[in-house]
Each structure stands twice: as structure tokens, then as C-alpha cells.
Colleague: 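Pasting a structure below so you can have a look.
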Amino acid sequence: MAKTTVKGTTIKQAKAAAPAGVTAFTPAIGRIPIVDVFPSVSGGRWPAKAFAGEVVPFGATVFREGHDAVGARLELEDPSGAVSSYGLRMIGVGLDRYQTLAQLPTQGAWRFRIRAFSDDYETWHHNASIKVPAGIDVELMFAIAGELFTRAGADTTRPAADRTVFLDLAASVLDSAVPATDRLAAATAPAVLTAVESAPIASLDTFSAWQPLNVERQRAGFGSWYEFFPRSIGASQDADGTWTSGTFRTAAARLPEVAAMGFDVLYLPPIHPIGEAFRKGPNNSLTTAPGDPGSPWAIGGAAGGHDTVHPDLGGMAAFTEFVQAAKTAGLEVALDFALQASPDHPWVKEHPEWFTTLPDGSIAYAENPPKKYQDIYPINFDNDPAGIRAEALRIIRFWIAAGVTIFRVDNPHTKPLDFWKWLIATVMAENPDVIWLAEAFTRPALMQSLAKVGFTQSYTYFTWRNTREELEEFLDGLSHETAAFFRPNLFVNTPDILHAYLQFGGRPAYKVRAAIAATGAPTWGVYSGYELVENVARPGSEENIDNEKYEYRPRDFEAAEAQGLSLAPYITRLNQIRNEHPALAQLRNLDIHASDDDSIIVYSKYVAGEYTASGRPDGLIVIANVDPYAVRETTVRLDVTKFGLEPGASFRVTDQLTGDSWIWGADNYVRLNAFAEPVHILSVQYGPDPSSETETEPPTAPDALSGASTESPTSSDGTDPH
């Protein structure tokens with residue numbers, strides 16, 4: 001920890017110099033108070049998170065007594081030990097809140113601290129700008145300036161050119177033969193302001209404690225996930241109704257199609273042998289027929305357990321070939337890690353102490369009343385914690401050796417936090433590229449604590465947030481309140497979750513949810529079948545009917561696309577937009593804007609040119625009609641400063657989904673047809689004044705069914721939109 005100064009002395013020196021009879025003490029706060037440092041997780045108990053390439057806000061609340069100016073800087077140390085310094089700017093006048101942005105390019109253990117100080121030059125600048133023009137204390141003001149510039153000129157850490165400027169100024173500001181206005185102008189010239197901004201003329205330096213910051217690889221924070229069951233790809237049914245399972249070799253044929261849609265990660269449910277005892281039948285039935293495959297989460301059987309591939313899928317050799325084929329297609333394979341067992345798992349005989357035995361002698365099966373999972377035994381982590389930890393670590397190491405570095409963890413909230421803290425820390429010390437996705441649909445405190453102890457990403461409440469009000473609160477919270485430690489993966493559906501919004505909203509609802517998931521967070525996911533608008537639920541449940549968890553579900557994706565029924569082209573375009581616009585690769589840059597319609601949500605994402613590979617700023621405005629049953633018209637009201645423009649600016653926007661283009665300002669008329677294009681994803685043009693450009697018309701004029709918007713001040717067909 002850095003030394004905190006007290007009136008030019010260290011705390012240690014202050015203690016030693018304490019007068020006789022006066023008890024020395026360590027102040028709880030420095031000479032210049034620094035509080036609410038961010039990003040920080042539980043006061044530094046856990047490292048804050050970022051991913052390579054992320055633009056992260058750093059800052060603190062900094063203030064002092066009286067009226068003298070204070071300043072603050074960020075000191076950022078990268079994994080090599082190199083320290084960079086950034087000036088902080090006040091982001092809330094009267095709130096003493098200071099912030100800067102910094103991009104973290106490399107993976108590893110970073111740390112940062114905030115330096116606060118008395119900004120002596122700024123105090124003088126403020127006072128002199130008032131007093132000198134008024135003829136008050138003129139020579140006194142320049143005497144103070146002379147002392148400041150002399151001090152700066154003697155500072156050997158400054159560039160030689162700046163030191164020369166300051167020493168010259170120290171002499172010239174004292175020359176009373178020169179008009180006071182000229183001396184003031186020289187002392188506040190742009191070159192001087194630039195020099196003191198990069199290295200303030202300051203005193204009373206105070207430092208916060210160093211804060212840890214863990215930067216993970218880019219895929220930890222930015223990616224598109226696709227889930228499928230390999231047993232369904234290539235599965236076939238004979239005339240007598242019996243099924244033949246798909247294999248990893250048949251599933252490999254689907255890999256180029258998944259990659260062509262723009263996905264980066266392919267997530268596989270458990271691929272292990274499935275137990276026979278209490279095996280579930282179609283639609284979670286307790287009645288099974290010969291050949292029913294059972295739930296992949298009922299892990300373990302005669303063929304083995306968590307370190308075995310189901311024989312029907314082709315065994316370990318076929319899996320290894322599949323992983324390599326996925327890499328060739330540009331996909332990483334994510335494997336399900338479910339710490340539980342079927343009654344037939346080898347663990348049940350070899351380690352009965354790993355389970356809970358009830359008073360009647362039976363082993364407790366998994367329950368989440370009213371749901372019952374008779375085919376699954378949960379692990380009891382308290383009977384033999386050392387043995388369970390060793391086995392879990394062995395399994396993870398086994399699959400890492402097989403080429404898997406992403407794990408989707410099933411129900412981590414039903415296992416102890418200290419177990420996950422130990423396991424993740426142990427694995428990450430060996431292989432920092434591993435990514436952990438928590439499937440934790442649970443209470444906020446537990447869900448967020450899983451992220452704090454090490455989970456890279458988490459499922460969220462996104463599926464249950466469907467109204468404008470719900471989505472605004474949800475997206476704003478993810479982007480700002482929890483972004484220091486909680487990284488969302490916005491899956492639009494899962495085998496377990498088919499929300500009523502999708503059941504009854506039809507194709508419009510599916511488009512809206514995909515667009516918001518793909519743009520609202522840097523990581524999103526799709527479970528196979530979403531592109532086919534599979535929206536029929538099992539009566540009385542939130543699950544798809546004929547759920548793939550319990551039966552084979554081959555799909556004819558090609559036929560659906562040929563008939564124009566598939567959303568695959570729409571999903572493909574969403575992923576293209578994500579890869580073309582660096583603003584969508586950031587989590588903390590989302591801002592909510594207003595609209596006059598309760599069913600129209602508006603948000604923007606922006607990244608400055610200094611943080612993009614092209615050097616150009618990137619801004620997007622997303623406008624979604626979350627009412628899947630209607631055409632909605634409204635005025636959207638934008639704070640254009642949130643995406644890098646000056647108040648009052650007019651600018652061109654281009655819809656990345658349709659190609660239509662308009663000139664916009666702060667207030668704009670929008671019409672979104674749920675049955676055509678319910679969402680705008682508008683890119684902002686930065687550059688010359690767009691009013692000087694020629695407006696181009698779309699191929700056809702908008703009508704009541706086209707879904708095109710008619711935005712002001714210039715509509716898409718050149719007519720008055722009102």
C-alpha cells in the first residue's frame with residue numbers, strides 16, 4: 001500500500017513527531033479524502049473483472065475542506081508491472097465524483113489506485129481569472145504564479161521542454177512592466193494547460209489502496225453461444241418407432257451451419273452415459289419405453305461417469321475429432337459440468353458418503369418443489385469435502401486435456417460457495433483461459449456471489465424481463481450497477497425455459513428478444529430450435545412440449561430456411577452487426593433514452609475512436625417495439641451526448657437491419673411494425689454535417705404493413721411523417 005501523506009509528512013513520521021502526552025493515531029482517511037473507489041468489489045475483497053479489450057471506467061469521490069481545487073489521477077499497473085497514469089475528470093458537478101476510461105488490452109492480473117492531490121495551479125487559475133481582470137491583488141496573484149512555475153520547472157520528472165516553459169514563465173509573470181492581461185494570458189495559454197493536465201502542479205498527494213483487477217481473455221466477455229444436443233443431430237426413427245441416436249460424427253455436419261450464423265461458442269449438454277434407474281420418458285414422464293434416451297443430466301451408468309462419453313455418441317475418439325472440427329469451423333466447444341449423479345453412477349457404489357441417506361435408508365433425489373428429479377442424486381458436500389474436491393478437479397483437468405476450456409456449470413447455486421472458490425481458483429492458476437458460465441437462476445445475493453468468487457459469466461433474469469420498464473431497469477443494472485463483477489450471458493431460451501412472451505408472441509417476439517439480447521450485452525446465447533420459432537409449451541409448464549431433454553429432436557433447418565420460415569438469416573445478421581460494431585463488444589457503455597410510448601424501449605451503445613481498431617468512434621441506437629401484437633408510433637427523445645455528439649447536433653443514422661437511412665436530431669418520430677421489423681439498430685454517422693448530403697430514398701415507400709419507419713425531420717420517403 002502506498003504511503004499516505006499528512007501535511008507533507010508520512011503517517012509514520014507524524015506518529016514519531018507526536019507531542020509528549022498525545023497518543024499517536026493512524027487516520028482512517030488521507031489528507032485529501034478518497035472514497036467510493038471503483039471498480040471495486042466488496043471493498044477489494046474480490047478482484048474486479050474485465051476482459052481483454054474492454055473499456056473500463058475508473059474513479060472515486062475526491063474532495064477536501066474549503067474552496068481550494070483538488071484533482072485526481074488513475075495509476076494503472078499492468079501484469080508486467082508497468083504503470084500508466086490517467087487524469088480523472090469530474091463527472092458530476094457538486095458531487096465530487098471523478099472518472100476516466102481506460103482500455104485494458106492484455107489478459108492477466110492488473111491493479112490500480114487513485115491519487116488525489118491539492119491542485120495548486122487550478123486553485124491559482126480560478127482565483128487569478130477573477131482577481132486580475134478586476135484589479136484585485138494583481139501582483140500577489142503573479143507572485144504565487146511565479147512560485148508555482150519555479151516549482152514545476154525544478155521538477156526533473158517533467159519533460160525538458162515543459163520545464164523550460166515553466167522557468168521562463170516564472171520570470172515573465174513577475175515582470176510588472178508587462179500588462180497584467182498579457183501575463184495572465186501567457187500563464188493560462190493552451191500549452192501551459194496541456195502541460196499541467198498531464199502532470200499537475202500539486203501538493204498533499206494522497207493515495208487510495210491498490211485495488212485488484214482480473215482481466216480475462218476476450219471470449220470471457222464477448223461472444224455468441226449456440227446450444228444443441230449432439231444426439232439429435234442425425235438421429236433417425238425406424239418404421240417400428242425405435243430411434244437411432246445421432247453421433248459426434250453426424251453432429252459435426254451441423255458445425256459449419258452454426259459457424260455461418262456467426263456463433264463463436266457451441267455449448268453441449270452433458271455427453272456422458274445416462275442412468276437407467278428412474279429414467280425419465282417424454283415430457284418428463286415417469287413412464288419410459290425401450291429406447292427412450294433419458295435426460296443427459298442423469299449422469300452415469302454401466303459405461304462410466306463424468307469422465308466418459310456416451311457410447312451412442314461414438315466414444316472419446318469421436319468427441320476429440322468433434323472438438324477439432326469445431327475449432328476448424330471457428331467454434332469453441334463448451335461442455336456441461338453437472339456435479340450430480342444418476343442412481344447408476346459408479347460414485348453411488350464407490351462413494352456412498354457423497355450422497356444424502358435418508359432415515360429410511362434411501363438416497364435423497366433432487367427436488368425443487370413441485371419439480372422432482374427422481375433420476376438424479378445431488379451431491380452432499382459436507383460428508384467428504386476433500387474427496388469431492390479432488391474428484392471435481394480431476395474431472396475438469398480431464399476435459400481440459402481433451403481440448404475443452406469452457407464449462408457451462410449446471411445449478412452452481414446448489415453447491416457451496418467455498419467449493420467453487422477453491423475449484424475455480426485452482427483451475428485458473430493452472431489455465432487462465434478457462435471460462436465458467438454459471439447456470440444460476442436464483443436469488444440475487446447468491447447469483448452475484450457466484451460471480452464474485454470466480455464465475456466468468458452467468459445466466460440472468462433476462463427471460464423474465466419483457467416489458468419496457470423491466471428491460472430498462474434490467475439492462476441499466478447489468479451495465480452499471482454490477483458490471484465490476486457480474487458478466488451476463490443473455491440466453492434467449494433454454495431447454496427448460498419457454499416464457500409466455502415467446503409462447504404467444506410468435507415470430508415478432510422471437511425477433512425482438514434476439515435483437516435485444518444480441519445488442520444489450522456483449523455475450524448472448526440461443527438454444528437450437530429458436531430459429532424455427534418453436535413456441536409450443538407443455539401444458540402447465542414453461543418448457544417446450546416434446547422437450548429435447550427427454551427425447552431425440554432432429555430438425556430440418558434447411559427446409560425451414562428454404563421456405564422462408566427460419567430466423568437463421570436474422571440471427572446471422574445480428575451476429576454480423578455485433579462483429580462490425582465495437583460498441584457492442586462493451587458491457588459498461590449502455591445508456592437508456594426516452595420514448596413517449598411505454599412499449600418502445602430505446603438505448604444506445606458508444607465507444608470513442610481512441611478505443612477502436614479503426615480509430616473511428618462507433619455509436620448505435622437500438623429502438624425496439626416490445627409489443628409483439630401491434631404497430632407502435634412514438635417520439636424517441638435522445639441525449640445525443642451519450643453517443644459522442646454535441647447538444648443540438650443533427651446526424652445521419654442507418655438501420656443495420658434494413659439499410660434505410662435518415663437524418664435525425666434529439667427528438668424523432670418512429671413507427672415500428674411488430675409484424676415486419678419490430679426493431680431498429682441504427683448506426684450513427686460521425687463526420688460532416690449530414691444536412692448537406694443528399695437524402696436517398698429506400699426502394700419502396702413505406703406503408704402500413706412494410707414495417708418501415710417514417711422518422712423526422714426527413715422521412716424515409718421524403719413526406720411529412722405527421
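Just so it is clear, the model here is predicted, and its values are computed rather than measured.
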Colleague: Partners of Thr519 by side-chain hydrogen bond (donor to acceptor under 3.5 Å, both in side chains), sequence neighbours excluded?
Modeller: Tyr603
Colleague: Apply salt bridge (Lys or Arg N to Asp or Glu O under 4.0 Å) to Glu473 and Arg468, showing your working.
Modeller: CA-CA 9 Å; Glu473 180 182 14; Arg468 170 187 161 181; over 6 Å; no
Colleague: Strictly distance-based, threshold 3.5 Å: is any side-chain N or O of Thr467 a donor or acceptor partner for the main-chain N or O of Glu470?
Modeller: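 The answer is yes, because a donor-acceptor pair under 3.5 Å joins these two groups.
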Colleague: For Gly520 and Leu590, work out which heavy atoms get closest and say how close.
Modeller: O-CD1, 3.7 Å
Colleague: Without swapping roles, check the side chain of Thr414 against the backbone of Asn411 for a donor-acceptor pair under 3.5 Å.
Modeller: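 Judged by distance alone, yes, a pair lies under 3.5 Å.
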Colleague: Go through the steps for Asp119 and Arg73 under the test salt bridge (Lys or Arg N to Asp or Glu O under 4.0 Å), then give the verdict.
Modeller: CA-CA 11 Å; Asp119 193 333; Arg73 294 187 69 83; over 6 Å; no
Colleague: Hey, could you give me the CD/CG distance between Gln586 and Leu101, rounded to the nearest 0.5 Å?
Modeller: 9.5 Å
Colleague: Establish, for the pair Lys49 and Phe485, whether the NZ or CZ atom is under 6.0 angstrom from the six-membered ring centre and no further than 45 degrees off its axis.
Modeller: no
Colleague: Do the rings of Tyr226 and Phe263 sit parallel, tilted or perpendicular, given the 30° and 60° boundaries?
Modeller: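 Ring orientation of Tyr226 relative to Phe263: tilted.
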Colleague: Show every side chain to side chain donor-acceptor pair (under 3.5 Å) that has at least one partner inside residues 50-64, sequence neighbours left out.
Modeller: Glu54-Arg588, Thr61-Arg97, Arg64-Ser118
Colleague: With rounding to the nearest 0.5 angstrom, report the OH to CZ distance, Tyr501 to Arg465.
Modeller: 14.5 Å
Colleague: Hey, what do you get for CD1 (Ile623) to CG (Leu682), rounding to the nearest 0.5 Å?
Modeller: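 Nearest 0.5 Å value for the CD1-CG distance: 5.0 Å.
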Colleague: Looking at every heavy atom in both Leu490 and Ala521, which two are closest together, and how far apart are they?
Modeller: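 Here Leu490 and Ala521 meet closest at CD1-CB, 3.6 Å.
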Colleague: Not counting sequence neighbours, which residues clear ring-ring contact (aromatic ring centres under 6.0 Å, His included) with Phe337? List them please.
Modeller: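 Counting only residues at least two positions away or on another chain, Phe337 forms no ring-ring contact (aromatic ring centres under 6.0 Å, His included).
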Colleague: Over 60° means perpendicular and under 30° means parallel, so classify the ring planes of Phe491 and Tyr459, tilted if in between.
Modeller: parallel
Colleague: Is there side-chain contact between Asp433 and Arg219, with at least one heavy-atom pair below 4.5 Å?
Modeller: no
Colleague: May I ask you to decide whether Arg408 forms a salt bridge with Glu332, counting only side-chain N to carboxylate O separations under 4.0 Å?
Modeller: no
Colleague: Supply the atom-to-atom distance Ile601 CD1 to Ile516 CD1, rounded to the nearest 0.5 angstrom.
Modeller: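 It is 5.5 Å, given to the nearest 0.5 Å.
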Colleague: Of the non-hydrogen atoms in Val265 and Ala334, which two are nearest, and what is the gap between them?
Modeller: CG1-CB, 3.8 Å
Colleague: Quick one: does Trp225's side chain get under 4.5 Å of Leu266's, heavy atoms only?
Modeller: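 Result no, sub-4.5 Å side-chain heavy-atom pair not found.
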Colleague: Could you check whether any side-chain heavy atom of Tyr121 comes within less than 4.5 Å of a side-chain heavy atom of Leu193, counting everything from C-beta outward?
Modeller: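 Tyr121 reaches Leu193 side chain to side chain.
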Colleague: Would you say the side chain of Trp399 lies within less than 4.5 Å of the side chain of Thr405, judging by non-hydrogen atoms?
Modeller: no
Colleague: Test of understanding: with side-chain contact (heavy atoms from CB on, under 4.5 Å), list the residues that count as partners of Val427, not counting sequence neighbours.
Modeller: Leu393, Ile396, Ile400, Leu423, Val434, Trp436
Colleague: So which pairs with a foot in residues 86-95 pass side chain to side chain donor-acceptor pair (under 3.5 Å), sequence neighbours left out?
Modeller: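 Every side chain to side chain donor-acceptor pair (under 3.5 Å) pair that includes a residue of residues 86-95, provided the two are not neighbours, is Arg89-Glu197.
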Colleague: Between Val35 and Phe63, is the side-chain contact (heavy atoms from CB on, under 4.5 Å) condition met? List the steps.
Modeller: CA-CA 9 Å; Val35 297; Phe63 54 92; 4.0 Å; yes
Colleague: How are the rings of Trp464 and Phe441 set to each other: parallel, tilted or perpendicular (split at 30° and 60°)?
Modeller: perpendicular
Colleague: Rounded to the nearest 0.5 Å, what separates atom CD1 in Ile395 from atom CG in Leu339?
Modeller: 6.0 Å
Colleague: Can you check whether Val653 reaches Gln685 side chain to side chain, under 4.5 Å on heavy atoms?
Modeller: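 Sidechains of Gln685 and Val653: no contact.
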Colleague: Of all heavy-atom pairs between Phe381 and Pro416, which one has the smallest distance, and what is that distance?
Modeller: CG-CD, 3.5 Å
Colleague: Determine whether the aromatic ring centres of residues Phe112 and Phe58 are separated by less than 6.0 angstrom.
Modeller: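 Judged by ring-centre distance (under 6.0 Å), Phe58 and Phe112 do meet the cut-off.
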Colleague: My understanding is that only residues two or more places apart in sequence, or in another chain, count here; which of them pass ring-ring contact (aromatic ring centres under 6.0 Å, His included) with Phe455?
Modeller: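 In terms of ring-ring contact (aromatic ring centres under 6.0 Å, His included), with neighbours along the sequence ignored, Phe455 is linked to Trp420.
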Colleague: According to the salt bridge (charged side-chain N to carboxylate O under 4.0 Å, His left out) rule, which pairs have a member within residues 571-586, sequence neighbours left out?
Modeller: Arg573-Glu580
Colleague: My understanding is that only residues two or more places apart in sequence, or in another chain, count here; which of them pass side-chain hydrogen bond (donor to acceptor under 3.5 Å, both in side chains) with Ser84?
Modeller: none
Colleague: Stepwise, does the side-chain contact (heavy atoms from CB on, under 4.5 Å) test hold for Leu620 with Ile681?
Modeller: CA-CA 7 Å; Leu620 289 164; Ile681 302 177; 4.2 Å; yes
Colleague: With rounding to the nearest 0.5 angstrom, report the OG to CG distance, Ser599 to Asn625.
Modeller: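 If we round to the nearest 0.5 Å, Ser599:OG and Asn625:CG are 6.5 Å apart.
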Colleague: For a 4.5 angstrom cut-off between non-hydrogen side-chain atoms, does Thr456 reach Leu437?
Modeller: no
Colleague: Mind checking what makes side-chain contact (heavy atoms from CB on, under 4.5 Å) contact with Pro378, not counting sequence neighbours?
Modeller: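 Testing Pro378 for side-chain contact (heavy atoms from CB on, under 4.5 Å), a comparison that skips the adjacent residues, returns Ala366.
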Colleague: Show every salt bridge (charged side-chain N to carboxylate O under 4.0 Å, His left out) that has at least one partner inside residues 420-432, sequence neighbours left out.
Modeller: Arg397-Glu430
Colleague: Check each of Asp597, Ile592, Ile621 against Val602 using the side chain to side chain contact (heavy atoms under 4.5 Å, CB included) test, and report the only one that passes.
Modeller: Ile621
Colleague: For Phe643 and Phe651: C-alpha separation, side-chain torsions, deciding distance, then whether ring-ring contact (aromatic ring centres under 6.0 Å, His included) applies.
Modeller: CA-CA 11 Å; Phe643 44 88; Phe651 51 96; 5.6 Å; yes
Colleague: Does Asp639 have any side-chain hydrogen bond (donor to acceptor under 3.5 Å, both in side chains) partners at least two apart in sequence or in another chain, and if so, which?
Modeller: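 If we apply the side-chain hydrogen bond (donor to acceptor under 3.5 Å, both in side chains) test to Asp639, skipping adjacent residues, the hits are Thr641.
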Colleague: Is Arg616 paired with Asp618 through a side-chain N to carboxylate O contact shorter than 4.0 Å?
Modeller: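 Salt bridge between Asp618 and Arg616, a charged N being under 4.0 Å from a carboxylate O: no.
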Colleague: Restricting to side-chain hydrogen bond (donor to acceptor under 3.5 Å, both in side chains), what partner residues turn up for Glu216, sequence neighbours left out?
Modeller: Arg487
Colleague: Check whether any side-chain heavy atom of Leu204 lies under 4.5 Å from a side-chain heavy atom of Val70, and answer yes or no.
Modeller: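 No, too far: nothing below the 4.5 Å cut-off.
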Colleague: Which one of Arg113, Arg111, Arg115 satisfies the side chain to side chain donor-acceptor pair (under 3.5 Å) criterion with Glu75?
Modeller: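 Exactly one pass, corresponding to Arg113.
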Colleague: Evaluate whether atom CD of Glu646 has more than 12 neighbouring non-hydrogen atoms of other residues, nucleotides or ligands under 6.0 angstrom away.
Modeller: no
Colleague: Could you pull out the closest heavy-atom pair between Leu417 and Ser449, with the gap in Å?
Modeller: CD1-CB, 3.8 Å
Colleague: Taking the six-membered ring of Tyr570, is the NZ or CZ of Lys511 close enough (under 6.0 Å from the centre) and on axis enough (within 45°)?
Modeller: yes
Colleague: Run the ring-centre check on Tyr606 versus Tyr611 and record whether the distance is less than 6.0 Å.
Modeller: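 Not close enough - the centres of the two rings lie 6.0 Å or further apart.
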Colleague: Between Leu88 and Leu74, is there a side-chain heavy-atom distance shorter than 4.5 Å?
Modeller: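 Counting from C-beta outward, Leu74 and Leu88 do come under 4.5 Å.
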